[in-house]
There are 2 protein chains.
Amino acid sequence: MKKYIDILKRTTMFCGISQNDIDAMTTCLNTSFKDFKKGEYIFRQGEYIDHFCVLISGSVHIQSDDYWGNRSIISEVRVAEMFGESYAVSGSSAVMIDAVATSDSTVAFFNVKKLMTVCPHACGFHNAVIQNLLIALTHKNQSLMQKLTHISKRTTREKLISYLSNQAKLFGSNSFSIPFNRQQLADFLSVDRSAMSNELCKMRDDGLIIFDRNNFTLL
Amino acid sequence: MKKYIDILKRTTMFCGISQNDIDAMTTCLNTSFKDFKKGEYIFRQGEYIDHFCVLISGSVHIQSDDYWGNRSIISEVRVAEMFGESYAVSGSSAVMIDAVATSDSTVAFFNVKKLMTVCPHACGFHNAVIQNLLIALTHKNQSLMQKLTHISKRTTREKLISYLSNQAKLFGSNSFSIPFNRQQLADFLSVDRSAMSNELCKMRDDGLIIFDRNNFTLL
DNA sequence: ATAAGTCTGTTGTTTTTACAACAAAAGGGA
DNA sequence: TCCCTTTTGTTGTAAAAACAACAGACTTAT
């Protein structure tokens, strides 16, 4: 538990909460920690969950495979970020996406009902955490909308420009690395990998970008 | 004010709040109401807002026009639904979408700072509303993800099937009407209108659906 | 070090979409 | 009612993407 505190302190949901209160919270919310090997699922489409998750280490993809096996990567979860909360809070609806570890990972699980109901120990920080959760959710909403603006673009080149320039902005530099390989980037932008690879090279030939593996520079 | 109470009672954010408390809330949160003509903007990309909005009557589209004038309709707001809250809560970031009235509408504005800070009158319902807001946001998140699954589909036909079958599910019947005309549906699904219109007719010829204007039936 | 597996780039073909232009149908005032 | 505007359907062409197949580079494990 102790070794996870440093990560939890960095999360939006525990922003402004003292280390002691975070400690109290983890017992109050029945917090558990679990390790996942690369490729293992944290939860799957169709399941019902009543805990929300925070990524302690590793990396996780939120994705969805359709009937024909086409994969769509909805978002990439980074360390200290939360996931699964939408389904945990409204616990009555089945999860419609998969959460899969893309590298060996550790995940913290928090009981959302215990958070939302009045604490018998009258923990004063419940409300603070709920407010933080609210803020975290608005950020999530914004990044979902951001993603929508990327894949709403009509051509692969426009999608790439939209995504890459957004990454540059987030990274604060025109040189940055992305958390996807080519197949994953294609699944994220909802395009064909080889066509996208082809388009990336054309953009390089046109003098728009340079890249090497996951490292990109916008020119 | 009185005439709006019936709508406010139906919103997720005031779910379980008594009418008297809603009354108190509207004064406590500096609530204002404003009318918009069809085509008028409630807010625009680039603005900063510190109030979140609830649609009292009419209809509103959340949309984004890019540099080249391509319109993307992100979502359709219905009466009693909330919008703009993501930007109001994290008030420091500029709005990156437009909210436009698609018919004559009335909108309620709530001051989000007053909601989030401790009320000098110690309104007991602040926390209840914040919890409701949390739930509303998770629903919103889910519908954004739902929309992502639609437009992640590769072909226009798949996008239409994904959207229409979801509408049928929401409506609880294989006959339903949609809140978009053809151009709006195309902007929502990020495809070309004429190509989509063409595909709809092919689907009808293939015996998948029948339709008349906005009324659809899945076969 | 080597072999097996993965990732990336490349090419040609087929399918699909975007675009443009127009006709028909529906709706809204004067 | 008639005219004007908006909406929807239709068609042909050009552009783009999906798909399939493969070669070379890079990783990883033994």
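Note that these values count all heavy atoms, side chains included, but never hydrogens, waters or copies made by symmetry.
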Response to the item:
In whole angstroms, the gap separating P of D/dT10 from CZ of B/R182 amounts to 11 Å
Practice prompt. Please find out if less than 6.0 Å separates the ring center of A/F43 from that of A/Y87.
Written response: no
Worksheet item: Residues in salt bridge (Lys or Arg N to Asp or Glu O under 4.0 Å) with A/R182, at least two apart?
Response: none
Worksheet item: Between B/N30 and B/K114, is a side chain to side chain donor-acceptor pair (under 3.5 Å) present by the stated rule, with each step listed?
Response: CA-CA 8 Å; B/N30 274 130; B/K114 300 225 175 194; 3.1 Å; yes
Discussion item. Would B/K147 pass as a cation-pi partner of B/F188, given that its NZ or CZ must be under 6.0 Å from the six-membered ring centre and within 45 degrees of the axis?
Written reply: yes
Discussion item. Under 4.0 Å, heavy atoms only, any strand: does B/F180 hit a base, just the sugar-phosphate, or nothing?
Written reply: nothing
Worksheet item: Nearest to the side chain of A/N181 - C/dT10, D/dT7, C/dT8?
Response: C/dT8
Response to the item:
Exactly one of A/I178, A/N174, A/I210 clears side chain to side chain contact (heavy atoms under 4.5 Å, CB included) with A/F216, and that residue is A/I178
Worksheet item: Angle, rounded to 10°, between the helical axes spanning five pairs at each terminus of the helix from C/dA1-D/dT30 to C/dA30-D/dT1?
Response: 50°
Discussion item. Walk along nucleotides 11-30 of chain D from 5' to 3' and tag each nucleotide B, S or - by protein heavy-atom contact under 4.0 Å, base first, then sugar-phosphate.
Written reply: B-----SSBB-----S----
Item to complete: Could you tell me whether A/R71 and A/D65 make a salt bridge, using a distance below 4.0 angstrom between a side-chain N and a carboxylate O?
Response: yes
Fill in: Protein-nucleotide distance (A/L200, atom CG; C/dT10, atom C1'), rounded to Å
13 Å
Worksheet item: Nearest-Å distance, CD (A/E158) to P (C/dC19)?
Response: 9 Å
Fill in: For atom CG of B/L160 and atom P of D/dT8, their distance in whole Å
14 Å
Fill in: Nearest-Å distance for atom pair CE/C1', residues B/M203 and C/dT17
16 Å
Worksheet item: Is B/R204 atom CZ crowded by more than 12 heavy atoms from other residues, nucleotides or ligands, each under 6.0 Å away?
Response: yes
Discussion item. Among A/D187, A/T102, A/V100, exactly one meets side chain to side chain contact (heavy atoms under 4.5 Å, CB included) together with A/Q63. Which residue is that?
Written reply: A/V100
Discussion item. Rounded to whole Å, how long is the line connecting atom CG of B/N215 with atom P of D/dT7?
Written reply: 16 Å
Worksheet item: Does any non-hydrogen side-chain atom of A/I17 lie less than 4.5 Å from one of A/M25?
Response: no
Fill in: Atom-pair distance (CG on A/N214; P on C/dT8), nearest Å
7 Å
